[in-house]
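For reference, the structure discussed in these notes is given below.
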Amino acid sequence: MHDKNYHIITYGCQMNQADSETIAGILSNRGFKTTDSIYQADLILLITCAVREHAEQRIYGKLGELMQLKNINPALVIGIGGCMPQQLEVANKLRQKFPRLDLIFGTHNLPEFETMLDRVFADREQVFEIHDIAGRITEDLPKSRIDRHKAYVNITFGCNNFCTYCIVPHVRGRERSRNPNDIINEVINLVQSGYQEVTLLGQNVNSYGLDLNRDFSFADLLKELAMLKGLSRIRFMTPHPKDISDRLIDLINKHDNICNHIHLPLQSGSSAVLRRMNRKYSKEGYLQLAQKIRDGIANCTITTDIIVGFPGESEADFADTIEVVNTVKFDAAFTFAYSKRKGTPAAGYSDQVPQMIKKQRLHRLIELVQQYMLASNQACLGQTFEVMVDGPSKKDPSILSGRTKTNKLVHFAGQYQAGDLVDLKIYRTTSFVLWGETI
Ligand code: SAH
Ligand code: SF4
Ligand code: F3S
C-alpha cells in the first residue's frame, strides 16, 4: 500500500497517544506515510476518548465534518478507534449515525489492525471489530513514535479500581502488567536510539506486577530503570494515592533521573465523597501522603485531578475539597465537572448535582487552583532549572519550549535541538508557563 497517506487525530490520555503510535507503526510498516493535512490523506483515523460526555460530543462533531470530505474524495477511508467505540452501544450509534464510516474498532483490537487494513483497502469492506475482552498483551507490535527524545512506555494496561464515576475499566479491561524484561529491553533500545526520557504509563502504576505472580513491584521496576546509563529522565503516570509506599518515595528522592514530580489524583477532598467514589483513601490519608512527599522528595511538585459535583456532593463536601487544595497548594491541577457515564455505578445515583451548581463550584475551584499555580511558578523566579528542550512552542513556533524535571513548561529563545538539556534562569511567569534565559 505504497503512496498512501494517513492522518491520525488522537483524543484523550497518554494511553491513546501510545496506541496511536502503535497504529502509526503498523501503517508505516505497510508503506503508508503520515501527513499533516486531512486533504492529502487516504486514511483518517480518530482515536477517541470516552471519559466525559464533552469529549464524546466533540468527536461526533469532528466526525460529521470529516465525513463531508468523502464527497470530494470518495476513496477516502475514515476510521474510528479507541475508547468510544469500545462501548458497544456507542459503536452501534456511530454505525447508524455515520453509515459511510469504513472502520470501527475497539481498544482490544490493535493486534488485528493490519488485517483490518487489508479488509478495508484491498477488499473494500466496511469493518466493525469490537472485542469484548482484552486478549494477552501483544509484544511485537511496531511503534512509530512522534518524538525522538522522549517516549511513552506502557507498563500496565487496563484498570481494576472501578472508581464509581469512571468508564476507563469498562473500555480498557482488567489490569495486565507487561513482563519486566520486555519493559526493560524496550527502554534499553530507546536509550540506544538516543531517547533521553521515558514516561511509564499505567492507570495505576503502583499496582504494576501484582498480576505477574513474581515478586517484582513498581518500585523494583523503577529502580532497575533508574540505573540504566544514558537515561536522563524517568516519569510515570498515574500513581493511585491508595498505594504509594514509603519505599517508592525514598527511591524517587535517591535517584536524580527519576523526576521530582508526582501527579497524585485527589478527585475529592471529602472523605464521604471519596468513599462513594470507591477511592479507598480518606481526606486525612491524602493529606498525610502529600506531606510525606513534600518532606521525602526534595523540591517535588505535586499536581492533581479534581472532580466537582459528584452525586451527593454537598456544599460542606466541596468545602473539604477547597481545604485540601489550600493545604496541599498544588503546583497544577486539572479540574472537571462530574460527567455521567453510562454503565458506571455513579450514573445511577439518584442524588445528581444540578448542572448550575457543578458549574459554579468548578469556577470557584479553577480560580483557587490558578492562584496556587501562579504562586508555584512565581517561586521559580530567579532560580535556574535544567530544561529538556521539546522543540518549537505549539503556540508560537518562533520560540522554544521545554520542561523542567518538576514538569513545568518553560519558553525560551535560542538554537537548540529537541532532547538538549539547557540550564535556564527564570525571569517571568504566568499561571501556566515560565520564561527562561540562558545564564
Ligand atoms: N487512571 C488515572 C486517570 C483516569 S481518567 C487516575 O486514576 O488518575 C483522568 C481523569 O478524568 C480522572 O483522574 C478524573 O479526574 C477524570 N474523570 C474520570 N471520569 C470522570 C467523570 N465521569 N466525570 C468527570 N471527570 C472524570
Ligand atoms: Fe478510572 Fe479510577 Fe481506574 Fe483511574 S484508577 S482509570 S479514575 S477507575
Ligand atoms: Fe479517555 Fe480512554 Fe484515556 S476514556 S482518558 S482515552 S483510557
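Counting starts at 1 for both ligands and their atoms, following the listed order.
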For a distance under 2.8 Å, tell me if C166 has an N/O/S atom near atom 3 (Fe) of ligand 2.
no

Contact region, F162 to ligand 2, non-hydrogen atoms below 4.0 Å, reads backbone

Within the 4.0 Å heavy-atom shell around C49, which atoms of ligand 3 are there?
1 (Fe), 4 (S), 5 (S), 6 (S)

Side chains of K395 and S401: is there a donor and an acceptor less than 3.5 Å apart?
no

E112/R119 ion pair, N-O < 4.0 Å:
no

Cationic N near anionic O, under 4.0 Å, R214 to D220:
no

Which is it for C83 and ligand 3 at heavy atoms under 4.0 Å: side chain, backbone, both or neither?
side chain

Q14 to ligand 3, any heavy atom closer than 4.0 Å:
no

What are the two closest non-hydrogen atoms of L264 and I302, and how far apart are they?
CB-CG2, 4.1 Å

Six-ring centre of Y60, K97 cation under 6.0 angstrom, axis tolerance 45°:
yes

I'd like to know if A337 contacts ligand 1, where contact means a heavy-atom distance under 4.0 Å to any ligand atom.
yes

Under 4.0 Å from ligand 1, counting heavy atoms only, is it the side chain of K340, its backbone, both or neither?
neither

Is it the side chain (CB and beyond), the backbone, both or neither of V51 that lies under 4.0 Å from ligand 1, heavy atoms counted?
both

Between Q203, M15, K242, H170, flag the one that comes closest to atom 4 (Fe) of ligand 2 by a heavy atom.
Q203

Quick check on contacts: which atoms of ligand 1 are under 4.0 angstrom from a heavy atom of P265?
8 (O)

Give the numbers and elements of all ligand 1 atoms closer than 4.0 Å to a heavy atom of R52.
11 (O), 16 (C), 17 (N), 23 (N), 24 (C), 25 (N), 26 (C)

Does R172 have a non-hydrogen atom less than 4.0 Å from ligand 2?
no

Just which atoms of ligand 1 are under 4.0 Å from any heavy atom in Q267?
12 (C), 13 (O), 14 (C), 15 (O)

Nearest protein heavy atom with distance in Å, relative to atom 8 (S) of ligand 2:
C163 N, 3.3 Å

May I ask you to decide if L101's main-chain N or O and Q126's side chain share a donor-acceptor pair within less than 3.5 Å?
yes

Looking only at the aromatic ring of each residue, does the gap between the centers of F336 and Y165 stay below 6.0 angstrom?
no

Residue and atom name of the nearest protein heavy atom (relative to atom 6 (S) of ligand 3), distance in Å to one decimal:
N16 ND2, 3.2 Å

Going by the order shown, which atoms of ligand 3 are within less than 4.0 Å of some heavy atom of R172?
7 (S)

Row check, Y11 ring normal vs R58 NZ/CZ: under 6.0 Å, within 45°:
no

Protein heavy atom at shortest distance from atom 5 (S) of ligand 2:
N161 ND2, 3.3 Å

Could you measure the distance from the CG atom of L76 to the CG atom of N5? Nearest 0.5 Å is fine.
11.0 Å

Test side chain to side chain donor-acceptor pair (under 3.5 Å) applied to D118 and T115, step by step
CA-CA 5 Å; D118 283 335; T115 326; over 6 Å; no

Measure Y165 to ligand 1 on non-hydrogen atoms and call it side chain, backbone, both or neither using the 4.0 Å cut-off.
both

Is it true that R341 lies under 4.0 Å from ligand 1, counting heavy atoms only?
yes

